Amino acid sequence: MSTWISKGLFAGALLALAACADGIEMGLGAAGQEMVRDAPDRVVVTGDRVIVAGPPGYCIDGSATRDTGNAAFVLLGSCASISRDPAQPRPAVPGLLTVSVAPSSVESPDFSGQVDLLEAYVRSDEGRAALSRRGAAADLEILETLTVDGALYIHARDRSRVRGARIGNEYWRALMGVEGHLVTASVVSFADQPMTREAGLELLDSLAQRLRGVNT
């Protein structure tokens, strides 16, 4: 397995999961605030290299966005919910979206040529541990993987819990290359509004296509 895959995926997954639990809790925890907030439809991260934007109805939660200059985590939710303005758009399929940008790699900018190796990695104990919310391979079940336009799509069930967050245990994740970075785009359903397999994959694909479009 290439050095770039091992280091890139592991760093990207750790960034996603370390920030994801805190970011999701921050986003949900702010729901009781009445003051109208900014809810931009996109944000530029990693030193103006990567643009993050979501499908219609999804906006950036600035309070949960983290950007170190070389890596970033972005949480997206309903524009109406984030802005606290009911007049703002709502997504057709409610959920939480996350986009994590791992540090750039000069070793292998061509991510699409390594999808098969990456798929084998995420199915391994090390890969499932990296993708698990609490870092335990036993918690994570890979339900399905797909290769779409050079990206790896993953449908997984994570039995671990995020403290204080009202999210479901199934998620859909895309691993793709954007501007020399490994980008992890995820779709998470709410526990009381579970998504079907088809709805989750469709929303994930919309997010992945949106990311490609704004970074072209």
Side-chain angles (χ1 to χ4, degrees), residues 13 16-43 52-65 73-100 128 131-134 136 139-146 148 151-175 183-211:
L17 300 172
C20 187
D22 292 340
I24 288 176
E25 288 185 45
M26 289 169 63
L28 290 176
Q33 297 178 2
E34 298 299 329
M35 183 179 298
V36 174
R37 300 191 302 165
D38 289 336
D41 66 353
R42 66 182 63 193
V43 65
V52 175
Y58 280 97
C59 288
I60 308 298
D61 187 342
S63 67
T65 293
F73 170 82
V74 181
L75 178 68
L76 301 93
S78 164
C79 297
S81 296
I82 291 174
S83 66
R84 312 298 176 231
D85 181 356
Q88 294 299 312
R90 296 178 182 273
V93 178
L96 289 173
L97 310 182
T98 68
V99 176
S100 296
R128 287 186 294 113
L131 293 171
S132 168
R133 291 169 185 156
R134 72 182 185 98
D139 286 347
L140 193 94
E141 178 184 1
I142 302 292
L143 300 176
E144 182 180 14
T145 58
L146 300 167
V148 180
L152 179 64
Y153 288 11
I154 304 166
H155 179 198
R157 179 180 294 120
D158 194 333
R159 298 181 182 86
S160 59
R161 298 179 61 84
V162 175
R163 184 180 66 257
R166 305 182 299 277
I167 60 174
N169 63 1
E170 289 191 24
Y171 67 75
W172 294 258
R173 180 168 292 177
L175 302 176
V183 171
T184 306
S186 300
V187 170
V188 184
S189 63
F190 293 111
D192 59 352
Q193 295 177 296
M195 294 182 196
T196 64
R197 168 192 176 275
E198 292 74 18
L201 285 175
E202 183 176 352
L203 184 55
L204 179 66
D205 190 59
S206 295
L207 175 58
Q209 296 299 336
R210 179 69 168 148
L211 290 171

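Quantities reported herein were computed from a predicted structural model and do not represent experimental measurements.
- A salt bridge links D139 with R134: the distance from a Lys NZ or Arg NE/NH1/NH2 to an Asp or Glu carboxylate oxygen falls below 4.0 Å.
- Residue D85 qualifies as enclosed at atom CG: its count of foreign heavy atoms under 6.0 Å is above 12.
- E202 CD: 12 or fewer foreign heavy atoms inside a 6.0 Å radius.
- Contact of the I154 side chain with the L175 side chain is registered, since non-hydrogen atoms from C-beta on lie closer than 4.5 Å.
- Inter-residue side-chain proximity for L146 and L201 is flagged as met; some heavy-atom pair is nearer than 4.5 Å.
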If you apply the rule side-chain hydrogen bond (donor to acceptor under 3.5 Å, both in side chains), what do you find for S160 with R133, and how did you get there? CA-CA 6 Å; S160 59; R133 291 169 185 156; 5.1 Å; no

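- Between M195 and V187 the shortest side-chain heavy-atom distance falls below 4.5 Å.
- Annotation: the span from W172 atom CH2 to L97 atom CG amounts to 11.5 Å, rounded to 0.5 Å.
- The two residues A39 and C79 come nearest to each other via the heavy atoms CB-O, 4.1 Å.
- Smallest separation of non-hydrogen atoms from A64 and L75: CB-CD2, 3.8 Å.
- In this structure, CG in L207 is found 8.5 Å from OG in S186, a value given to the nearest 0.5 Å.
- Here the OG atom belonging to S189 is positioned 10.5 Å from the CG atom belonging to L203, to the nearest 0.5 angstrom.
- In terms of modelled atom types and a separation under 3.5 Å, the side chain of R42 and the main chain of V52 share no donor-acceptor contact.
- Distance check: T184 OG1 to R173 CZ gives 6.0 Å after rounding to the nearest 0.5 Å.
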Would you sort out whether L131 and Y171 count as a side-chain contact (heavy atoms from CB on, under 4.5 Å), showing the intermediate values? CA-CA 11 Å; L131 293 171; Y171 67 75; 3.7 Å; yes

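- With 3.5 Å as the limit, one finds no donor-acceptor pair spanning the side chains of Y58 and D41.
- Pairing each heavy atom of Y153 with each of A208, the nearest pair is OH-CB, 3.5 Å.
- Within the 4.5 Å cutoff, no side-chain heavy atoms of T98 are placed close to those of V74.
- Of the charged side-chain nitrogens involved, none lies within less than 4.0 Å of a carboxylate oxygen, so that R197 and E170 do not count as a salt-bridged pair.
- Side-chain contact between R157 and L140: absent, with no pair of heavy atoms (C-beta onward) separated by less than 4.5 Å.
- For the atom pair L76 CG and D61 CG, the distance stands at 8.5 Å (nearest 0.5 Å).
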Show your reasoning for whether salt bridge (Lys or Arg N to Asp or Glu O under 4.0 Å) applies to R128 and E141. CA-CA 8 Å; R128 287 186 294 113; E141 178 184 1; over 6 Å; no

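- Between G54 and R210, the closest heavy-atom pair is O-NE, 3.1 Å.
- L96 is listed as a side-chain neighbour of F190, based on a closest heavy-atom distance under 4.5 Å.
- For the 3.5 Å distance criterion, the side chains of S83 and R37 fail to qualify, holding no donor opposite an acceptor.
- We find the CG-CD1 distance between D158 and I142 to be 9.5 Å, quoted to the nearest 0.5 Å.
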